[in-house]
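Below: the structure, in C-alpha cells.
What you see is a predicted model; the values in this text were computed from it and never measured. All chains are named by letter (A, B, ...) in the order of the sequence lines, taking the proteins before the strands, and each is independently numbered beginning at 1.
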2 protein chains.
Amino acid sequence: MQARYLTIKDFVTDQIEQGIWEPSEKIYSENELAVKFSVSRMTARKAIDNLCSEGVLVRSQGLGTFVADLRPMSSLLEIRNIADEIASRGHQYSGQVLAIQSVIPDKTLARLLDVRSDSLVYHSCLVHRENDIAVQYEDRFINPKFAPDYLQQNFLDQTPNAYLSKVAPLTEADHVVEAVLPDGKIALALNSTYPCLKITRRTWCKSGIVSVAYLYHPGDKYRLGGHLTF
Amino acid sequence: MQARYLTIKDFVTDQIEQGIWEPSEKIYSENELAVKFSVSRMTARKAIDNLCSEGVLVRSQGLGTFVADLRPMSSLLEIRNIADEIASRGHQYSGQVLAIQSVIPDKTLARLLDVRSDSLVYHSCLVHRENDIAVQYEDRFINPKFAPDYLQQNFLDQTPNAYLSKVAPLTEADHVVEAVLPDGKIALALNSTYPCLKITRRTWCKSGIVSVAYLYHPGDKYRLGGHLTF
DNA sequence: TGTCTACTCCTGTATATACAAGTAGACTAA
DNA sequence: TTAGTCTACTTGTATATACAGGAGTAGACA
C-alpha cells in the first residue's frame, strides 16, 4: 500500500507529463487536492512540498501553485548519457546515426586527440531527439587505440557515450562552451537555425585521450544548469 | 522574525559547517531537537526535511538522522569578477554604466529574487570591455535588503560583482546557460549580432537571494571552459 | 475617476495527537 | 547457548486545527 501523499504526487506528475498541465499553468490548490483525494490539506501539501523541492512545481503565497517552467536542463558538472537524461525527464528518447566511419583528422583535431595527423581516427555523427524534437547533434572523434570495436557498435541501442564509458571508463574531461550559429548541415539535422550551445568536450581514460566530441544544442530547446555552494 | 524551523535549520547547518557534526555522524533526534528548541516535533521535522531534500542530511527509519557524506563538487563555473579575469589575461579592462536605478520587478523576476512584486529592486546595466571590445553585457537586479547602498556605488572603480561579494558574501549560486540571439538593445551595446551565451545567475548570501544577473557574452569573443576529474 | 477598504482565496507556519513501521538491545524461555 | 520476544526509541504518515501573511478583486467612498 502506497502512502497517500505519493498517490497525489504521482497524479500531479502524470498530469504534467501528459501535458494536461503545462509549464507556468496553475494547478489545483492545496484544498482542492485535499478534497479530491479525501485527505487533509497537510497531506496534499506534503505531496506539493516534495515536487517543489524537486523543482517540478513552484509555489507563490497568495497566488497558488504552478508547474515550473522547465526546459531541458543538464548539468555542466557531470557527464551524462543524453538518453538517460531524457528518460529521467520521463520523455521519449530516439537517436539517428548520420555517419560512422574512419577519417583522417585535420591538424587541430589531431592535436586535440593527441594522435599523429596521418593516422586514422573513428568518427560518428548522431542526432538525439527528445519526444521527436532534435536536442543534440553529436560529432564525435575517437582514438581507435582505446575503443577498437567502435565502428561495429549499434548506436541506436547504446549511445557512444554509454559504450565508451564501458570500454574506457573516463577519468577526466574538459569542455568549452560557446554560442554559435549552426552551419547548413547541422541546422538541417536539428531542423533549426536558432543559435546553438556548442560544447566541445574531451574525455580521458586512464591511459590517454579517448574522444573529442562536438555537441550542438539548439538554444531554444536546451539549457545547461548548475548549482554551487561555497 | 524568522520562522522557527529556519532557526533549527541554521543551527544544524552551523553544527555541520563548524565540524562539530561530521559526515555520517548521527545528529539529535527529532524529539530532542523539538525539546531543545521548544517546538513541536513536526516543526523540528520540517527543518530536517528541508536539509534532507537539499542533500545535507540523510534519514533512516528506526536509526536516526545523519550528516550526509558530501563529496566536494568541482567548481566548474567559479564566480569570477570579470575585471580580474580580463586583467589576468594581461588585457585592458574598461566598463561602462548604461543604467543604474530602482525598478519594479515583473512577476518572473520577483519570483527569482524572492521579493514581493510591488517592492522596488535595484537594477544596474553595464557593458564590460576587454581591450575596448565588448565581451559582456550585464543586466543585474538586486534585493535592496542585502545591499542598501547599491545605487550609490561607482561601478567604474569596482564591478557590481566585487561590491556585492563585500557587502553580502556569497554562499550559494545557481546558473543557467543558454544560446540566444541578442535583442536590439544588447546587440547595440555589444556591437554584435552574433549569437550570445546567456548566463542567468542567482547568488545567495547567508540570509537570502542577493541578486539575479543576466550576462550576455558574444559567442565569437567569449567562451566558458572547465576541467573535471573523476 | 481614482483611491482606499474589506473580503476571499491562497500558501506559510505551528501545534498536538495518533498510529505505523524499522532497528537495536535487553530479556526470556527452550 | 540460542532462538525468539518484548520493549524503547527512532523516523514515517496522517489528521484537525489555528492563525499569519501575500495577492487579487469587488465595492464603498471621496
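Using a 4.0 Å cut-off between a side-chain N of Lys or Arg and a carboxylate O of Asp or Glu, B/Glu30 and B/Lys46 do not qualify as a salt bridge.
Residue B/Tyr5 contributes atom OH, which lies 8 Å from atom C1' of C/dG12 at whole-angstrom precision. With rounding to whole Å, B/Gln61 atom CD is found 6 Å from C/dG22 atom P. Atoms CD (A/Glu32) and P (C/dC9) sit 11 Å apart, rounded to a whole Å. Spacing between atom CD of A/Gln2 and atom C1' of C/dA21 amounts to 17 Å, rounded to whole angstrom units. The CG atom of B/Asn50 sits 12 Å away from the C1' atom of C/dG12 (whole-angstrom rounding). What separates CZ of B/Arg41 from P of C/dC19 is a distance of 14 Å, to the nearest Å. Between the CG atom of A/Leu63 and the C1' atom of C/dT8 there is a distance of 14 Å, rounded to whole Å. Taking atom CZ on B/Phe66 and atom C1' on C/dG22, their separation rounds to 12 Å, with Å as the unit.
Residue B/Ser60 has no polar side-chain atom (N or O) positioned under 4.0 Å from OP1 or OP2 of C/dG22.
Side-chain contact between A/Thr7 and A/Phe11 is absent, with no heavy atoms from C-beta onward closer than 4.5 Å.
Each of A/Ser38 and B/Asp49 lies near DNA chain D, and the nucleotide nearest B/Asp49 is the one positioned closer to the 5' end.
Reading DNA chain D from its 5' end, the first and the last nucleotide to sit under 4.0 Å from a heavy atom of chain B are D/dT10 to D/dG24.
Under the 3.5 Å distance criterion, the side-chain polar atoms of A/Asn131 are matched with a main-chain donor or acceptor of A/Gln92. Formation of a donor-acceptor pair under 3.5 Å by the B/Arg202 side chain with backbone atoms of B/Leu112 is found in this model. Distance alone, capped at 3.5 Å, places no donor-acceptor pair between the B/Ser60 side chain and the B/Leu63 backbone.
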Checking side-chain hydrogen bond (donor to acceptor under 3.5 Å, both in side chains) for the pair B/Ser211/B/Arg140: CA distance, chi angles, key distance, verdict?
-> CA-CA 7 Å; B/Ser211 86; B/Arg140 188 184 291 269; 3.3 Å; yes
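Checked options B/Arg41, B/Lys9, B/Arg59; the residue passing with B/Asp49 is B/Arg59 (criterion: salt bridge (Lys or Arg N to Asp or Glu O under 4.0 Å)).
Contacts of A/Arg4 with the nucleic acid, taken as non-hydrogen atoms under 4.0 Å apart, involve only primed sugar atoms and P, OP1 or OP2.
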